[in-house]
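One structure is given below, encoded as structure tokens.
In listed order, ligands and their atoms are each counted from 1.
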Amino acid sequence: MSSLFPALTDGPAGGSPGRPALRFGERALTYGELAAASGAVAGDLKGVRTAAVWATPTLETAVAVTAALLAGVVVVPLNPRSGERELSHILGDSAPDVLLAAPGVPLPDAPAALPRVDVDPARGAGRGSVPDDRERDPEDPALIVYTSGTTGPPKGAVIPRRSIASTLDALADAWRWTDADVLVHGLPLFHVHGLVLGTLGPLRRGGAVRHLGRFTTEGVARELNSGATMLFGVPTMYHRIAEALPAEPDLVRALSGARLLVSGSAALPVHDHERITAATGARVVERYGMTETLMNTSVRVDGETRPGSVGVPLPGVELRLVEEDGTPVTSYDGETVGEIQVRGPNLFTEYLNRPDATAEAFTADGWFRTGDMAVRDPGGDVRIVGRKATDLIKSGGYKIGAGEIENALLEHPGVKEAAVTGEPDADLGERIVAWVVPADPQSPPGLEELAGHVAARLAPHKRPRAVRHLDVLPRNDMGKIMKRALTHG
Ligand code: MCA
Ligand code: AMP
């Protein structure tokens with residue numbers, strides 16, 4: 001396999017060391033500077049097999065991940081807002097040798113206990129040369145990204161080098177993505193969307209990324225109006241853009257002039273598609289992926305956009321719809337619903353330390369069961385219509401398992417029983433609702449209390465946005481909580 005980042009390794013800094021590579025706020029690195037910084041960090045990673053990265057939305061994270069991947073070190077990105085419970089689980093499960101972070105950044109106990117390697121993007125000049133990753137086995141693991149299931153703690157999806165290369169090259173084909181593109185986004189760097197697509201993507205193409213630090217419509221407008229060509233975001237971000245457009249002429253101009261606007265991680269409602277197109281003339285392209293599969297489908301720039309469609313399978317990706325009994329759906333009639341199954345070089349290899357979960361996720365002939373339900377239009381376009389598991393919630397583009405929040409809630413002394421559901425939310429797509437039977441009905445724990453409790457243990461994005469108190473949870477004869485009765489009152 002060739003290098004993951006030819007622009008860094010093929011010749012001295014890919015032959016164009018002065019080209020911009022990364023920009024986070026006021027701080028930026030060219031390809032030459034990134035090569036030097038990566039060489040310096042890689043020099044500190046000798047003998048290291050796995051490195052956790054304190055994945056703040058900063059230059060340090062981008063340098064740390066690039067350096068580790070070039071050096072053949074497996075990266076475990078950590079959400080810096082994760083609570084102790086979540087961090088302990090991830091670090092215990094993935095057993096990293098070191099932690100990569102910016103110098104002096106304060107850390108909670110679990111990551112602070114690891115040997116620390118400082119990442120200083122300015123330190124590189126003259127120290128070490130960029131590692132050559134061209135001879136590495138494409139099957140070698142590159143990333144372990146933690147993703148929630150319906151029950152239990154998150155599982156570590158082991159993503160090999162070839163998945164990253166193949167998914168980014170397939171997207172380059174679908175989007176005509178080149179080294180002339182400058183991407184802007186404000187996504188977190190501990191998930192596939194912001195890290196693989198949003199950071200490694202531009203670097204693999206030899207183009208540039210400008211990260212906003214945090215998403216704002218003003219930041220999007222500023223960057224697209226000053227040379228950025230593409231925007232990546234989750235539907236919540238496009239919803240906020242749609243809301244802001246009527247009052248922000250700079251934003252209208254920015255989106256009108258962009259080469260490509262891409263939404264993913266959850267469904268972008270047709271209403272938001274339509275509002276954005278009506279105000280700017282631009283269309284938003286949707287692509288569909290998963291932590292375990294990286295990208296499966298996309299609307300192509302040379303294809304038609306139909307709001308609500310996630311496009312067609314990417315080059316190299318096999319996709320089929322399967323009925324409940326395992327029979328493949330053969331008619332593209334836009335009506336027959338089946339579970340999406342995929343096969344291809346984009347897929348992960350396994351869930352770390354979870355052979356049971358890995359075996360369950362694949363069919364005997366190697367198809368990955370996504371759990372997403374879809375139809376295919378006569379032209380072959382995939383249209384996602386729902387999800388198999390009601391216990392998975394997509395909020396702000398984050399996948400969140402009801403079970404892990406229920407377990408956290410049950411650890412609160414004021415909670416006797418708990419059930420968690422997702423409810424439609426115009427901004428977040430779905431919002432997390434906690435149904436709680438209080439231990440003491442006279443003083444039931446309120447929203448602020450329980451949101452703080454969950455945020456501190458797991459992560460702020462997993463906190464409930466509403467709490468509803470009940471005398472008893474509705475259960476069936478087997479004692480199983482009937483969540484449909486909760487949501488459909
Ligand atoms: C509020 N906050 C709290 C609490 N309440 N902190 C601690 N305890 C509390 N009780 C804080 C939050 O941490 C945050 O801090 C601030 O208050 C606002 O929180 P929130 O309302 O949650 O944030 P938001 O601004 O509304 O977030 C919307 C968002 C975000 C920016 C769209 O949801 C987001 O970044 N989503 C992206 C998810 C993503 O990348 N998914 C990709 C995975 P502060 O403001 O300081 O931060 S899917 C994937 O990778 C697949 C492959 C795919 O297909 O893409
Ligand atoms: P994650 O596990 O966080 O990687 O989330 C993957 C899930 O996000 C998929 O299984 C889908 O349910 C959802 N998803 C990603 N992109 C889209 C999209 N464009 N439309 C609808 N759902 C999506």
Side-chain angles (χ1 to χ4, degrees), residues 55-57 77 79-83 143 145-150 154-155 157 159 163 167 171 185-198 212-217 219 232-241 262-269 273 284-299 307-311 339-340 342 346 348 368-374 382-389 392-401 425 427-432 447-465:
T56 49
N79 174 358
R81 290 190 171 276
S82 285
L143 303 170
V145 180
Y146 279 79
T147 181
S148 294
T150 50
K155 301 184 289 268
I159 299 171
S163 301
T167 222
L171 292 176
H185 73 88
L187 293 156
L189 299 189
F190 47 84
H191 277 309
V192 159
H193 195 167
L195 183 63
V196 177
L197 273 60
L212 296 171
R214 69 180 304 145
F215 171 85
T216 60
T217 55
F232 290 177
V234 295
T236 300
M237 296 172 180
Y238 283 100
H239 176 78
R240 292 180 186 180
I241 286 173
V262 187
S263 173
S265 303
L268 181 63
H273 269 286
V284 181
V285 159
E286 277 198 77
R287 96 292 181 284
Y288 156 65
M290 273 182 97
T291 303
E292 292 90 333
T293 66
L294 303 191
M295 295 302 116
N296 297 312
T297 71
S298 182
V299 171
S309 151
V310 293
E339 183 192 10
I340 302 176
V342 288
N346 52 318
F348 77 138
F368 176 75
R369 309 174 205 270
T370 66
D372 291 311
M373 306 301 288
V382 178
R383 200 174 280 277
I384 295 174
V385 296
R387 200 178 304 128
K388 231 174 169 176
L392 284 179
I393 300 162
K394 265 272 163 172
S395 188
Y398 288 111
K399 182 152 88 176
I400 302 157
D425 185 283
D427 182 48
L428 295 171
E430 288 181 282
R431 65 173 163 266
I432 297 171
L447 174 60
E448 205 180 321
E449 170 69 19
L450 292 179
H453 173 84
V454 172
R457 268 175 182 66
L458 304 178
H461 67 262
K462 296 182 180 178
R463 72 191 189 273
R465 308 285 177 138

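Nearest approach of Ile159 to Thr291, heavy atoms of both residues: CD1-O, 3.6 Å. Of all the heavy atoms in Val382 and Ala374, the pair that sits closest is CG1-CB, 3.9 Å. Looking at every heavy atom in both residues, Ala55 comes nearest to Pro77 through CB-CB, 4.3 Å. Pro460 and Ala455 get closest at one heavy-atom pair: CA-CB, 3.7 Å. Annotation for Phe215 and Arg240: closest pair CE2-CB, 4.2 Å, computed over non-hydrogen atoms. Across all non-hydrogen atoms, the minimal contact from Lys394 to Glu430 is N-OE1, 2.9 Å.
Side chains of Arg465 and Leu428 form a contact here, defined as non-hydrogen atoms less than 4.5 Å apart. Side chains of Ser82 and Arg457 form no contact here, defined as non-hydrogen atoms less than 4.5 Å apart. No side-chain heavy atom of Phe348 sits less than 4.5 Å from a side-chain heavy atom of Met290. Leu187 is listed as a side-chain neighbour of Met237, based on a closest heavy-atom distance under 4.5 Å. Contact of the Arg369 side chain with the Glu292 side chain is not registered, since no non-hydrogen atoms from C-beta on lie closer than 4.5 Å. The shortest side-chain heavy-atom distance between Leu189 and Thr56 does not fall under the 4.5 Å cut-off. Residues His461 and Ile432 fail the side-chain proximity criterion, which asks for heavy atoms closer than 4.5 Å.
Here the protein heavy atom with the shortest distance to atom 46 (O) of ligand 1 is Arg81 NH2, 2.7 Å. Protein heavy atom in closest approach to atom 19 (N) of ligand 2: Arg287 O, 2.8 Å. Looking only at heavy atoms of the protein, atom 30 (C) of ligand 1 is closest to Tyr398 CE1, 3.9 Å. Nearest non-hydrogen protein atom to atom 13 (C) of ligand 2 is Ser265 O, 3.5 Å. In this structure, the protein non-hydrogen atom closest to atom 1 (P) of ligand 2 is Thr291 OG1, 3.5 Å. Closest to atom 37 (C) of ligand 1 among all protein heavy atoms lies Gly396 O, 3.3 Å. Gly397 O, 3.0 Å is the protein heavy atom nearest to atom 41 (N) of ligand 1. Nearest protein heavy-atom contact of atom 21 (C) of ligand 2 is Ala267 N, 3.3 Å. Nearest protein heavy-atom neighbour of atom 22 (O) of ligand 1: Arg465 NH2, 3.0 Å. The closest protein non-hydrogen atom to atom 20 (P) of ligand 1 is Arg463 NH2, 3.7 Å. Distance from atom 17 (C) of ligand 2 to its nearest protein heavy atom, with residue and atom name: Ala266 N, 3.5 Å. The shortest contact between atom 13 (O) of ligand 1 and any protein heavy atom is with Pro460 CB, 3.3 Å. Scanning all protein heavy atoms for the shortest distance to atom 31 (C) of ligand 1 gives Met237 CE, 4.1 Å.
Numbered from 1 in the order shown, with element, the atoms of ligand 2 that lie under 4.0 Å from a heavy atom of Glu286 read 18 (C), 19 (N), 20 (N). The distance from ligand 1 to the heavy atoms of Met290 drops below 4.0 Å at these ligand atoms: 52 (C). For ligand 1, the atoms sitting less than 4.0 Å from at least one non-hydrogen atom of His193 are 42 (C), 50 (O), 55 (O), numbered in the order shown with element in parentheses. Within ligand 2, the atoms closer than 4.0 Å to a non-hydrogen atom of Thr147 are 2 (O), numbered from 1 in the order shown. Annotation for ligand 1: atoms under 4.0 Å from non-hydrogen atoms of Thr291 are 52 (C). Those atoms of ligand 1 that come under 4.0 Å of a heavy atom in Thr236, given as number and element, are 32 (C). Counting the atoms of ligand 1 from 1 in the order shown, those under 4.0 Å from a heavy atom of Gly289 are 54 (O).
Ligand 1 has an N or O atom lying under 3.5 Å from an N or O atom of Ser265, backbone or side chain. For a threshold of 3.5 Å applied to N or O pairs, the pair formed by Thr370 and ligand 2 contains no separation below that value. Annotation: Ser263 places no N or O atom under 3.5 Å from an N or O atom of ligand 2; distance criterion only. The N/O atoms of Lys394, backbone and side chain alike, include one that comes under 3.5 Å of an N/O atom in ligand 2. On a distance-only criterion, Tyr288 and ligand 2 share no N/O pair closer than 3.5 Å. Looking at Lys399 next to ligand 2, an N or O pair under 3.5 Å apart turns up.
Using a distance-only test at 3.5 Å, with no hydrogens or angles considered, no donor-acceptor pair links the side chain of Glu339 to the main chain of Lys388. A donor-acceptor contact shorter than 3.5 Å is absent between the side chain of Asn346 and the backbone of Thr167. With hydrogens and angles ignored, the 3.5 Å screen pairs a side-chain donor or acceptor of Ser309 with a backbone N or O of Gly311. When atom types are taken as modelled, the side chain of Ser395 and the backbone of Arg431 share no donor-acceptor pair closer than 3.5 angstrom.
Considering Lys399, Glu286, His185, Arg287 only, the shortest heavy-atom separation from atom 54 (O) of ligand 1 involves Arg287. Counting only non-hydrogen atoms, the option in Arg240, Arg214, Lys462 that gets closest to atom 24 (P) of ligand 1 is Arg240. For atom 48 (S) of ligand 1, the candidate residues are Glu292, His191, Lys394, His453; the nearest heavy-atom contact is made by Lys394. With distances taken over non-hydrogen atoms, the option nearest atom 8 (N) of ligand 1 out of Pro464, Ala459, Ala455 is Ala455.
Ring-plane geometry between His185 and Phe232 is classed as parallel, the angle between the planes falling under 30 degrees on a 0 to 90 degree scale with a further cut at 60.
Contact annotation: for Val192 versus ligand 1, heavy atoms closer than 4.0 Å belong to both the backbone and the side chain. Using a 4.0 Å cut-off between heavy atoms, Val310 contacts ligand 2 through its side chain alone, with no backbone atom that close. With a heavy-atom cut-off of 4.0 Å, Met290 touches ligand 2 through backbone and side chain alike.
Less than 4.0 angstrom separates atom 1 (C) of ligand 1 from at least one non-hydrogen atom of the protein. Proximity of atom 16 (C) of ligand 1 to the protein is not indicated, since no non-hydrogen protein atom lies closer than 4.0 angstrom.
Atom CD1 of residue Ile340 and atom CZ of residue Arg387 lie 11.5 Å apart, to the nearest 0.5 angstrom.
At least one heavy atom of Asp372 sits closer than 4.0 Å to an atom of ligand 2.
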